[in-house]
Amino acid sequence: MSVRVRFAPSPTGPLHIGGVRTALYNYLYAKKLGGDFILRIEDTDQNRLVPGAEAYIIEALKWVGIEPNEGVGFGDGKYAPYRQSDRKDSYRQYAEQLIQNDYAYYAFDTESDLEALKAKYPNFKYDASTRLEGKNSITLSAAEVAQRLANNDPYVIRIKLPEEEHVHFQDEIRGNVMVSTTQMDDKVLLKSDGMPTYHLANVCDDYIMKITHVIRGEEWLPSAPLHVLLYRYLGWENAMPKFAHLPLLLKPDGNGKLSKRDGDRLGFPVFPLEWTDPVTKEISSGYKQGGYLPNAVLNMLAFLGWNPGTAQEIFTKEELVNAFSLDHIHKAGAKFDFEKAKWFNAEYIKNLSNEQLAVLVKPIVTQKFGVQEEHYLIKAVGLVKERLVFLNDIEHFAYLFTSIAQYDTTALSKITAIQQQFPKQAFETFIQEQAFTDASSLEHAIKDFATANALKIGDVMKFLRTSLVGELSGPVISDLMILLGKDEVLKRVQNCLQQQ
RNA sequence: GGCCCGUUCGUCUAGGGGUUAGGACAGGAGAUUUUCAUUCUUCAAACAGGGGUUCGAUUCCCCUACGGGCUACCA
């Protein structure tokens, strides 16, 4: 039987990187085994829907490059629709089937009924020991139940758990997990608005869509036994998928799982794409807009909770697919490491060819400094490639594209001293005489000029650097001179000579 | 509170009854470079604690502590 996994987010907001990682692990697992990766939208809570969230999820998956081959936004497929609200009518029959088989019951308790029970019993939960106090099809007469249903009285359908039974299941990451039904409660399966809860919908859809492996976050571990029971009661136990509960992504500081707020609080994105809250208009930064490369993000995310068991850390997507396996997933939660994320991105940028980098950086450069000639841009980015952590960092290298607007004051003060005995005229002539064909002969010529004029090489370099860069750091001077060309170099030198 | 899951350098992690406990990021030092960045070399840095089991436990078991998750007609 071929492997089928699903990523099943709820469109209650933008997908954050924890979700992206879950999607990634599903994707890697499916691809590794030649299976299918499905996107299912779990929008059974109509009150929490956020406009744009679904589209965001789809865009985000596209951007990082882990596209489902089936599901909402990806051409659908054999088991469409993949949006649970579009499958609303399919769930009721299963809930009713459960009632038929005495595995579930109608419950008519109102909100205030429930509150009264909670007030009466500390730590109240609706279960075998308390359901006799509720207004449900167990306590009410058949006639009254029929009457209430006929009246369209609001009701929910609850699972009827056995009083005491140990539910075991095998988690692919954690091994055997056991929970007693005494610790569980009669969870609502079908809500009074006719929508299923997560528990019902997820089990039904996974069964119907022939999902073989449920790979999801650890927050689902406590409800997994409930799902196991549901498979059993629905008669699907032999088709039950395997479960793998992933460790959570934690805040880099302090406690708790990584949340939306942490990113902008600590200075890194938690969302793949920038997101504007439709209500508050608050903007949350995104990896894409922050100048990250999708494959770097994937690589970084893959290593937060998984490792290949070797020393290799830089992996292409294909290599990740090949190396991936569930048993190399770490059990404990992982704190997000921003420094490591930056390192991954810088590594990926360094591994790009100048041509590739130029393409990626072109929109930023054009927007900041105007249109550049293609070959020039390629050479320019090559000069600063190993200085970029993010694509956006290119904007800190204005001197590659425009003349120096402002000189660094310490650089200027450093060269003032030098300028006293600097043979300005001779130097200009010297530059004019150079061929500007290759960097090393140019560098030799500069050194020769320095010795011939009894100047310190370092001083001449410092002067040139300030002229060309505006400050005392940057790429090798002769390389930069070749890039800029004689005319521009001369212009900048003359301009710098006029400073002070 | 109850239940479930977890705990190796600051962080991500490898390992697993007998190891100098390995790697990466970050940090320190040095080399290269006209500068900065890159690169290279190098240093520092960990098995939460207590009991067992064992000739021997970081590794297996139990307890404690700590961390995380769940505990909704949210997913």
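Just so it is clear, the values below take in all heavy atoms, side chains as well, and ignore hydrogens, waters and symmetry mates. Throughout, a chain's letter reflects where its sequence line sits, starting with A, and its residues are numbered from 1.
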Visitor: Just the rounded figure in Å: distance from P of B:A72 to CE of A:Met184.
Guide: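 To the nearest whole Å, that distance equals 13 Å.
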Visitor: For B:C66 and B:G50, measure between their C1' atoms and round to the nearest Å.
Guide: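 Comparing C1' positions in B:C66 and B:G50 gives a spacing of 14 Å.
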Visitor: When you measure from the side chain of A:Glu219, which nucleotide among B:C70, B:C5, B:C4 comes out closest?
Guide: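 Looking only at heavy atoms from C-beta outward on A:Glu219, the closest nucleotide is B:C70.
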Visitor: Using atom P of each nucleotide, how far apart are B:A48 and B:C9 to the nearest Å?
Guide: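 Nearest-Å result for B:A48 against B:C9 at atom P: 7 Å.
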Visitor: My understanding is that a pair needs two contacts under 3.5 Å, Watson-Crick or G-U wobble. By that rule, which nucleotide pairs with B:G1?
Guide: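 Result: B:U71.
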Visitor: Any salt bridge between A:Glu347 and A:Lys350, counting N to O under 4.0 Å?
Guide: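 So A:Glu347 pairs with A:Lys350 through a salt bridge.
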Visitor: Between A:His199 (NE2) and B:C73 (P), how many Å, whole number?
Guide: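 Answer to the nearest Å: 9 Å.
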Visitor: Is any side-chain N or O of A:Lys191 closer than 4.0 Å to OP1 or OP2 of B:A72?
Guide: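 Answer is no, no contact under 4.0 Å.
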Visitor: Are A:Asp206 and A:Arg6 within salt-bridge range, i.e. N to O under 4.0 Å?
Guide: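 Yes, charged N to carboxylate O under 4.0 Å.
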Visitor: Under a 3.5 Å cut-off for both distances, is B:U41 Watson-Crick or wobble paired, and to whom?
Guide: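 Matched B:U41 with B:A29 under the 3.5 Å cut-off.
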Visitor: Taking CG from A:Asn123 and P from B:C70, how many angstroms apart are they, rounded to a whole number?
Guide: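 Result: 18 Å.
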Visitor: Determine whether any donor atom in the side chain of A:Arg48 lies under 3.5 Å from an acceptor atom in the base of B:C74, or the reverse, and answer yes or no.
Guide: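 Yes, a donor-acceptor pair under 3.5 Å.
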Visitor: Counting side-chain heavy atoms from C-beta on, which of B:A24, B:G69, B:G15 comes nearest to A:Glu313?
Guide: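 The answer is B:A24, which lies nearest to the side chain.
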Visitor: Given that A:Asp109 and A:Leu221 both sit by RNA chain B, which one's nearest nucleotide is further toward the 5' end?
Guide: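 Closest to the 5' end, via its nearest nucleotide, is A:Leu221.
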Visitor: Quantified in whole Å, what is the P atom distance between nucleotide B:U54 and nucleotide B:U42?
Guide: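 Pairwise P distance, B:U54 against B:U42, rounds to 44 Å.
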Visitor: Between B:G69, B:C73, B:A14, spot the one nearest the side chain of A:Asn307, thanks.
Guide: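 Closest nucleotide to the A:Asn307 side chain: B:A14.
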Visitor: Rounding to a whole Å, what distance do you find between A:Asn47:CG and B:C73:C1'?
Guide: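 Distance check: A:Asn47 CG to B:C73 C1' gives 10 Å.
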Visitor: Which nucleotide in the set B:U11, B:C36, B:A75 lies at the smallest distance from any side-chain heavy atom of A:Ser473?
Guide: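 My answer, after comparing the listed nucleotides, is B:C36.
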Visitor: Closest-nucleotide mapping onto RNA chain B: is A:Ala332 or A:Ala341 further toward the 5' terminus? I mean the 5' end.
Guide: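 Closer to the 5' end of RNA chain B: A:Ala332.
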Visitor: What is the distance, rounded to the nearest whole Å, between atom NZ of A:Lys335 and atom P of B:G69?
Guide: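 So the NZ-P distance, A:Lys335 to B:G69, works out to 12 Å.
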Visitor: So, is A:His330 near the phosphate of B:A14, with a side-chain N or O under 4.0 Å from OP1 or OP2?
Guide: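 Yes, such a contact exists.
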Visitor: How many Å lie between CG on A:Asn299 and C1' on B:C25, as a whole number?
Guide: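 About 13 Å, once rounded to whole Å.
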Visitor: Drop me the distance from A:Lys342's NZ to A:Phe268's CZ, to the nearest 0.5 angstrom.
Guide: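 One gets 11.0 Å once the value is rounded to the nearest 0.5 Å.
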Visitor: Using a cut-off of less than 4.0 Å, is there contact between a side-chain N or O of A:Lys447 and OP1 or OP2 of B:U34?
Guide: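 It does, given that an N or O in the side chain of A:Lys447 lies less than 4.0 Å from OP1 or OP2 of B:U34.
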Visitor: Below 4.0 angstrom, N of the basic side chain to O of the carboxylate: do A:Arg265 and A:Asp253 qualify?
Guide: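 Answer for the salt bridge query: yes.
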Visitor: In this structure, how many angstroms lie between the C1' atom of B:A26 and the CZ atom of A:Phe344, rounded?
Guide: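 Taking CZ of A:Phe344 and C1' of B:A26, I get 14 Å after rounding.
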Visitor: Does the structure show a Watson-Crick or G-U wobble partner for B:U19, both distances under 3.5 Å? Name it, or say none.
Guide: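 Answer to the pairing question: none, since B:U19 forms no Watson-Crick or G-U pair.
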Visitor: Given B:U39, B:A75, B:G2, identify the nucleotide with an atom nearest to the side chain of A:Gln183.
Guide: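 The closest nucleotide is B:G2.
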Visitor: Side chain of A:Arg465 only, please: which of B:U35, B:C4, B:G69 is the nearest?
Guide: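 Out of B:U35, B:C4, B:G69, the nucleotide with an atom closest to A:Arg465's side chain is B:U35.
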Visitor: Counting only Watson-Crick or G-U wobble pairs whose two distances fall under 3.5 Å, which nucleotide matches B:U34?
Guide: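 None - no nucleotide pairs with B:U34, as no candidate has both distances under 3.5 Å.
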Visitor: Could you check which of B:C36, B:A14, B:G69 has an atom nearest any side-chain atom of A:Arg387?
Guide: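 Side chain of A:Arg387 sits closest to B:C36.
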Visitor: So, is the end of the A:Arg158 side chain (NZ or CZ) under 6.0 Å from the ring centre of A:Tyr126 and within 45° of the ring's axis?
Guide: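 Yes, A:Arg158 sits over the ring of A:Tyr126.
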Visitor: Can A:Lys257 and A:Glu218 be counted as an ion pair, charged N to O under 4.0 angstrom?
Guide: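 So A:Lys257 does not pair with A:Glu218 through a salt bridge.
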Visitor: Can you tell me, in whole Å, how much space there is between the P of B:U39 and that of B:A44?
Guide: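 Each nucleotide's P atom is 22 Å from the other's.
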Visitor: Just to confirm, is there a sub-4.0 Å distance from OP1 or OP2 of B:A75 to any side-chain nitrogen or oxygen of A:Thr197?
Guide: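 So the side chain of A:Thr197 is outside the cut-off, no N or O lying under 4.0 Å from OP1 or OP2 of B:A75.
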Visitor: Are OP1 or OP2 of B:U39 and a side-chain N or O of A:Lys350 less than 4.0 angstrom apart?
Guide: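 Checking B:U39 against A:Lys350, a side-chain N or O does come within under 4.0 Å of OP1 or OP2.
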Visitor: Counting heavy atoms from C-beta on, name the nucleotide in B:C73, B:A24, B:A37 closest to the side chain of A:Trp343.
Guide: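 The closest nucleotide is B:A24.
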Visitor: Of the nucleotides B:U39, B:C70, B:C74, which has the atom closest to the A:Lys257 side chain?
Guide: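 Nearest to the side chain of A:Lys257 among the choices is B:C70.
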Visitor: Could you check whether any side-chain N or O of A:Lys385 sits under 3.5 Å from a backbone N or O of A:Leu352, counting only pairs where one atom can act as donor and the other as acceptor?
Guide: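 A pair under 3.5 Å: yes.
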Visitor: Separation of A:His328 atom NE2 from B:A14 atom P, in whole Å?
Guide: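 Interatomic distance, NE2 of A:His328 to P of B:A14: 7 Å.
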Visitor: Suppose you measure atom C1' in B:U41 against the same atom in B:C60; what distance do you get, rounded to whole Å?
Guide: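 These two C1' atoms come out 41 Å apart once rounded.
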Visitor: Which nucleotide wins on minimum distance to the side chain of A:Lys331, given the candidates B:U34, B:A26, B:G6?
Guide: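 Of the options given, the side chain of A:Lys331 lies nearest B:G6.
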Visitor: What interatomic distance, in whole Å, is found between P of B:C47 and the corresponding atom of B:U7?
Guide: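 Taking atom P in both B:U7 and B:C47, they lie 15 Å apart.
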Visitor: State whether the distance check finds a donor on one side and an acceptor on the other, under 3.5 Å, for side chain A:Lys340 versus base B:A26.
Guide: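 In this structure, the two groups form no donor-acceptor pair.
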Visitor: Determine the Euclidean distance between corresponding P atoms of B:U20 and B:C25; express it in Å to zero decimal places.
Guide: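 Per the computed distance, 26 Å lies between those P atoms.
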Visitor: In plain terms, say whether A:Lys260 and A:Asp262 are close enough for a salt bridge, that is, a side-chain N and a carboxylate O under 4.0 Å apart.
Guide: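 Answer for the salt bridge query: no.
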Visitor: Any strand counts, and the cut-off is 3.5 Å on both contacts for Watson-Crick or G-U wobble. Which nucleotide pairs with B:C66?
Guide: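 Here B:C66 is engaged in a pair, and the nucleotide opposite it is B:G6.
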Visitor: B:U54 pairs with which nucleotide, Watson-Crick or G-U wobble, both distances below 3.5 Å?
Guide: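 Base partner found: none.
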